[in-house]
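Every number for a ligand or one of its atoms is a count from 1 in the order of the listing. Source: prediction; values computed, not measured.
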Amino acid sequence: MPKRTFGGPLIDVAGAIDMHCHPYPDLFPRLADDFDIVRAARDAGMKAIVLKCHHENTVSRAYLVQRVVPGIRVYGGIVLNYYVGGINPAAVEAALRLGGKEVWMPTVDAGYHAEVHGGTGGYDSQAGGRSQAEGIWVADKEGRLTPGVKEVLELVAQYGAVLGTCHLSPKEIVPLVKEARSVGVEKIVVTHPYFKVPNFDLDTLEEVARLGAMPEFGYCTVSPAWHYAAVEKIVQSIERIGASRCLLVSDTGQRHNPMPSEALRIFAQTVFEKGIPQADVERMIGANPAELLDFDNAPVPSAADIAWARGLVDDPCMSTPGEADPSGVATS
Ligand SMILES: [Zn+2]
C-alpha cells in the first residue's frame, strides 16, 4: 500500500538496503544492538542490512539475528583492525567462507587514522578500544602494498565479496584499488569519502570511481555531531560521478544519531531535496547495494526456517514464563 506523502515526494526506505551500520556489541557506546537495529530496519520495510563492527567479525552475529528476525536479510563482514590480527588472510578467509559479504580495510586502527587522530582505537570525542601510536598501513610512501594485502584482495575476488577502503589515506586507496582491480575484485566501496579520514578531494575521488570503486556516502559524515561535510558537497559529488556509481548508507549506531533505518531515510530525503532526482536516490539505496550483495541470487530462508522463526518468543533473550525458573535452570 502506498504511504501517504503529505504533499510532496517521500523517499521511502521500503525495499532499501543499508550497507553500513554500527550496532552494539561494540567498544564504542551504541544506540541499539543487532536485534533492535535489524527489527527497526525490517519494520521500515527495508530488505537488507549489513552489520559492521570495528572490534570483531559480524558474520556470525548476522547469521544469528537472521535466524530469529524474518522479513529482512542480514549480512556481516570483517574489519581488518588489530582485533582480528590486522591484514590477516586467515581471518578473511574464514569470514568469507562463513558467508561474510564485505571485507573492510582497517578503520580506527589504520595508520592514517592514527596519524590524524593522534592514535589508534578512538575518535576525537570517543574512546573505544586499545590506543597505540602506530596504526596499520597497507601501502608505503611509494604506494607499494604491504605483505598480506594482495592475498586478502585475492580472497575478496575469489568469493565475490565487497572491498571497503575505510580509514586508509587517499594515497593508499589509489594503489589498493588498482591492485584490487588487477586481481579481479569487482566490487569496491570507497567508505565515507568525506569523513575526517580519508577526506578525499573530489578530483581524486572521481579518479578512484573511474577505476571502478563506488563512493559510499554516509549520514554520519553530515550528522549534527560530526558534520565533516555538508549535504551539498555530497550532492555535487553524486552529480559529477553519477548515481549509478554511488551508494547512500546510514553509517549510524552512534548515540547522537538516529537508528540506521531512520538515518538512511533522512539522508536519502535530504539528498533528494538538495537536487538529486528521486529515481537516482532510490537507485543509490536500492539497486546499487542489491547488486553489490548479489541480493537477487541470495538463497532465501526455507519455509521450515520461517515457521521456526515465527514460533520464537519476541525477544529470544527473555525466558518465557513456565519454560525456565528464575535461576535459569530449565525445569523440565
Ligand atoms: Zn562506519
Side-chain angles (χ1 to χ4, degrees), residues 17-34 37-38 41 48-59 61-62 74-84 100-110 112-114 116-117 120-129 135-136 162-169 173 188-200 213-229 234 246-264 266-267 284-285 289 292-293:
I17 295 174
D18 187 1
M19 292 277 299
H20 186 159
C21 71
H22 290 281
Y24 185 81
D26 196 281
L27 298 182
F28 291 115
R30 292 299 183 207
L31 179 65
D33 72 7
D34 292 343
I37 281 175
V38 169
I49 191 162
V50 181
L51 312 177
K52 184 176 182 185
C53 180
H54 300 288
H55 310 105
E56 66 166 345
N57 179 337
T58 54
V59 179
R61 284 166 53 169
V74 189
Y75 301 106
I78 186 166
V79 181
L80 301 183
N81 283 333
Y82 284 129
Y83 310 94
V84 301
K101 284 287 187 179
E102 185 157 352
V103 174
W104 291 281
M105 286 289 122
T107 56
V108 292
D109 288 344
Y112 189 58
H113 180 100
V116 170
H117 293 86
T120 66
Y123 293 98
D124 295 334
S125 55
Q126 265 190 329
I136 303 161
V162 179
L163 174 72
T165 58
C166 296
H167 299 195
L168 305 181
S169 68
I173 292 173
I188 307 172
V189 164
V190 184
T191 317
H192 48 51
Y194 298 138
F195 201 70
K196 189 168 182 176
V197 279
N199 195 18
F200 270 94
M214 297 180 78
E216 177 195 83
F217 300 105
Y219 172 90
C220 186
T221 298
V222 304
S223 63
W226 289 6
H227 198 64
Y228 290 126
I234 288 167
C246 295
L247 301 159
L248 301 181
V249 298
S250 73
D251 192 10
T252 67
Q254 308 82 13
R255 291 181 178 175
H256 51 251
N257 282 328
M259 290 287 271
S261 43
E262 183 60 2
L264 186 64
I266 295 168
F267 191 36
M284 292 187 286
I285 60 173
L292 289 177
L293 293 171

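- The closest side-chain heavy-atom distance from Gln254 to Arg30 is below 4.5 Å.
- Ring geometry for His167 versus Phe195: interplanar angle of 30 to 60°, hence tilted.
- The Zn ion (ligand 1) has an N, O or S atom of His22 inside 2.8 Å of it.
- For a distance bound of 2.8 Å, the N, O or S atoms of His20 include one lying that close to the Zn ion (ligand 1).
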Item to check | Candidate pair His54 and Thr107, rule side chain to side chain donor-acceptor pair (under 3.5 Å), full reasoning | outcome: CA-CA 7 Å; His54 300 288; Thr107 56; 2.7 Å; yes
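- If you look at Asp251 and ask which of its N, O or S atoms sits nearest the Zn ion (ligand 1), the answer is OD1.
- Proximity of Val249 to Cys21: side-chain heavy atoms (C-beta onward) are nowhere separated by under 4.5 Å.
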